[in-house]
Amino acid sequence: MRATTYLQGLLEKALAARDIPWPEKTTIEPPRDKAHGDLATNVAMVASKQAKTPPRQLAEALRGELLAGGDVAGVEVAGPGFLNVTFAPAFWQRTVLEVLDAGDGYGRLDIGRGTRIQVEFVSANPTGPLHIGHGRGAAVGDSLARVLRAAGFEVETEYYINDAGRQMRILGMSILYRYRELLGEPVTEPEDYYRGDYVKDLARELLDQGGRALLDLPEAEATDVCRLHGEKRILDGIKKDLRDFRVHHDVWFPESTLLAAGAVDRTFAALREKGLAYDKDGAFWFATTNFGDDKDRVLVKSGGELTYFASDIAYHDDKFRRGFDVAVDIWGADHHGYVPRMKACVAALGRDPEASLKVILVQLVNLLKGGEQIAMSTRAGKFETLADVVAEVGADAARFMFLSRKSDSHLDFDLDAVKQKSMDNPVYYVQYAHARVRSLFAKAAERGFSPAPAGPELLARLDTAEDMELLKLLEQYPDTVSAAARTFSPHLVSFYLRDLAGRLHRYYTVNPVLAAGDDALAAARLHLLAAVAAVVKNGLALLGVSAPEKM
RNA sequence: GGGCAAUUAGCUCAGUUGGAUAGAGCGUUGGCCUCCGGAGCCAAAGGCCACAGGUUCGAAUCCUGUAUUGCCCA
């Protein structure tokens, strides 16, 4: 971060002297090949037309000006006109001071300042416990919120509770069915109901609390009692499961409050006024085709029933009325067909859908146990609950696993592998890096060694190839946070951490620290490793994974 | 039938939004424990980036087809 900013400053100045504005297409990035220096830029190529100078010639001219800047040790013009820049060791060594000074704040950015983002995730219908598939959305959403906060966005997380629809009625009905069954009443199995054992438990609770009372109520009322009881208990369970998974929602937003507040009518009226909604065949339609959808969608069926879509529009309308600049929705990938419709609806609400609605699709999880795939269905009562998995493998391992893939790629969640403490499960590898450094400090204290304070002179001892690699990687951490925030990709953090942990483990093998045989060298290396441990800890915090002192 | 996505090493996946000779881990093969934590490290082998065109100084990346897989919709 500091290196790119610094280099860009020098280049901007050089271009400004030639009356050339900073070209949009300029890239400044670490090259793949280390032989090409610390940072490479294409600026001479993209500015050559404006400068009316061939790329290589422009590059040569810029080269001289860069070398005049104190921290640049070398500049090389390569290929069609790349500038390969190498910084002086002292420049990198300062990174240690930067990290140690900032502590927990290293990697905090302000690229999001002034932007309010709402991240809505999980939002599973309270018709049954969360299963492992929900776990992925939970990990991704929670971690994304942490990343965005670190990047300086003002973030609020929310769980939308679909408590008003058909699914909830079916839940009520399912509980009532089990209730009657428990009492030995004559029952016929409903065609469509929730079969999980938890439904029987809920029925038994009602029985224990109120006895046979429900039998005396009219069917509809009894169903309602069952539904409300089930909803409350299941929602409490969901909240607990998320807590145990270290997932936090700032706001729990029930669909029913939206209806009660008249938000749906308000949104409908606004659409009708804009000529975007109309009556046809006894139903109420939303003209989404105006916004690129392939056909118009029904909001109110001819029977008067609202579609899912109707309350979702009102809900998103409400989000924007609450003042969010960006709404992030995290959905299961099976809802991808819904994206164009939602974008259309945001456009109809008078907002730029690309800028203000970001839908992140999270692919389904294949749960594997003993090499076998486990099929899951809430309705059929066949699923592995999130709570069970967390109890079995721990929140750390589960979260890291979910965050170690791009969210829109398929994920095989192999229970046996996640429990293994090996590279199949990199969370231990990363945590171990932290524990290793911390234990080194414990050891130093035990031996009565107190390192001299870090300063440029002391840190000049960090001059091996491994030192440089670690220093450069530390310096890239803020860039990683930035990229993760800008592309809504928390998994970038986990890849970075694996990389950093790998470098640390190698460093440890090659360069003795306490056994360096020289107090100044030992101190310098301790400071470097303290910085590494701090970054590992900050990164793990973004993933919601703990950084243990010892393992 | 229409739509959305995916396709990179034996397996699981990255690839910084178009940069230079393609990157990890696992697995395989071969090394490293008188040494601060071996839950570790080093090395080797392994690639037509699904296929065919196109765009430009330059493509795994963008565009158009084709194939395969997954998922949505009627």
Side-chain angles (χ1 to χ4, degrees), chain A residues 4 25-37 39-46 48-49 54-56 76 78-84 292-295 297 331-341 359 361 363-364 366 368 401 404-406 408-414 417 420-447 449 466 476 479-484 486-487 489 491-492 494-496 498-499 501-517 522 525-526 529 548 550-551:
Chain A
T4 355
K25 292 181 73 179
T26 307
T27 57
I28 300 180
E29 45 190 29
R32 262 185 211 148
D33 190 338
K34 283 184 209 116
H36 295 142
L39 284 179
T41 175
N42 63 353
V43 69
M45 282 132 81
V46 291
S48 99
K49 202 173 276 177
R56 280 201 66 110
E76 186 183 298
F82 287 103
L83 280 165
N84 296 332
D293 199 359
D294 51 0
K295 60 180 185 184
R297 304 288 168 174
W331 294 349
D334 51 340
H335 289 83
H336 66 78
Y338 217 69
V339 178
R341 244 176 289 174
V359 179
L361 297 176
Q363 273 293 352
L364 306 173
N366 277 333
L368 302 174
M401 187 67 184
S404 63
R405 294 282 140 72
K406 243 183 342 196
D408 64 352
S409 67
H410 288 273
L411 172 69
D412 287 337
F413 193 100
D414 188 331
Q420 251 176 45
K421 301 184 174 182
S422 73
M423 265 314 283
D424 275 334
N425 186 11
V427 65
Y428 295 108
Y429 186 78
V430 175
Q431 288 181 318
Y432 182 46
H434 184 265
R436 237 180 171 176
V437 173
R438 298 315 307 166
S439 89
L440 207 48
F441 273 83
K443 186 80 118 193
E446 196 180 294
R447 292 186 186 178
F449 177 68
E466 293 81 26
Q476 271 177 33
D479 286 324
T480 304
V481 176
S482 165
R486 280 182 288 111
T487 61
S489 308
H491 76 277
L492 294 178
S494 71
F495 277 90
Y496 170 85
R498 254 154 77 162
D499 215 16
R503 289 273 160 69
L504 181 275
H505 290 309
R506 184 182 329 168
Y507 187 92
Y508 190 88
T509 323
V510 181
N511 298 299
V513 181
L514 296 180
R525 289 182 172 171
L526 270 178
L529 293 192
K550 59 174 82 166
M551 297 172 69

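Proteins come first, then strands; the chains are lettered A, B, ... in the order of their sequence lines, and each starts at number 1.
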Could you tell me the Watson-Crick or G-U partner of U34(B), where both distances fall under 3.5 Å? Say none if there is no partner. none
What is the pairing partner of C71(B), taking Watson-Crick or G-U wobble pairs with both distances under 3.5 Å in any strand? G3(B)
Is there a donor-acceptor pair closer than 3.5 Å between any side-chain N or O of Arg506(A) and the backbone N or O of Glu466(A)? no
Determine the contact category for Ala444(A): base if any of its heavy atoms lies under 4.0 Å from a base atom, sugar-phosphate if only primed atoms, P, OP1 or OP2 are that close, otherwise nothing. nothing
Is Ala515(A) touching bases, backbone alone, or none of the nucleic acid, heavy atoms closer than 4.0 Å? base
With a non-hydrogen cut-off below 4.0 angstrom, is His336(A) in contact with a base, only sugar-phosphate, or nothing? base
For A14(B), give its Watson-Crick or G-U wobble partner with both distances under 3.5 Å, or none. none
The reported gap from CD1 in Ile28(A) to CG in Asp479(A) (rounded to nearest 0.5 angstrom) is 10.5 Å
Closest approach to the side chain of Phe82(A), judged atom by atom: which nucleotide of C4(B), C36(B), A20(B) is it? A20(B)
Partner of U61(B) under the Watson-Crick or G-U wobble criteria, both distances under 3.5 Å, comes out as none
Partner lookup for A44(B), please. Criteria are Watson-Crick or G-U wobble with both distances under 3.5 angstrom; report none if nothing qualifies. U28(B)
Quickly work out the Arg436(A) CZ to G38(B) C1' distance and round it to whole Å. 7 Å
Taking any heavy-atom pair under 4.0 Å as a contact, classify His491(A): base, sugar-phosphate, or nothing. sugar-phosphate
What is the base-pairing partner of U55(B), counting Watson-Crick and G-U wobble geometry with both distances under 3.5 Å? none
Counting side-chain heavy atoms from C-beta on, which of C41(B), A39(B), G15(B) comes nearest to Lys406(A)? G15(B)
Between Arg498(A) and Ser494(A): side-chain donor-acceptor atoms closer than 3.5 Å: no
Under 4.0 angstrom, heavy atoms only, what part of the nucleic acid is Ala78(A) near: base, sugar-phosphate, or nothing? base
Give one of base, sugar-phosphate or nothing for Pro55(A), where a contact means two heavy atoms less than 4.0 Å apart. nothing
Return the stacking result for G40(B) and Tyr508(A): yes when the ring centres lie under 5.5 Å apart and the planes under 30°, no otherwise. no
First of Arg405(A) and Asp334(A) reached from the 5' end of RNA chain B, by closest nucleotide: Arg405(A)
Across the strands shown, which category fits Lys550(A) at heavy-atom distances under 4.0 angstrom: base, sugar-phosphate, nothing? base
Shortest side-chain distance from Leu514(A), nucleotide among G15(B), C36(B), G40(B): C36(B)
Of all the choices, C13(B), G38(B), G19(B), which nucleotide is nearest to the side chain of Phe495(A) once you look at every atom? C13(B)
Which part of the nucleic acid, if any, lies within contact of Thr487(A), taking any heavy atom under 4.0 Å across all strands shown: a base, the sugar-phosphate backbone alone, or nothing? base
Which part of the nucleic acid does Tyr338(A) contact within heavy-atom distance under 4.0 Å: base, sugar-phosphate only, or nothing? nothing
Picking from C36(B), U16(B), C72(B), which would you name as closest to the side chain of Glu29(A)? U16(B)
Pairing partner of U21(B), by Watson-Crick or G-U wobble and under 3.5 Å for both distances, is none
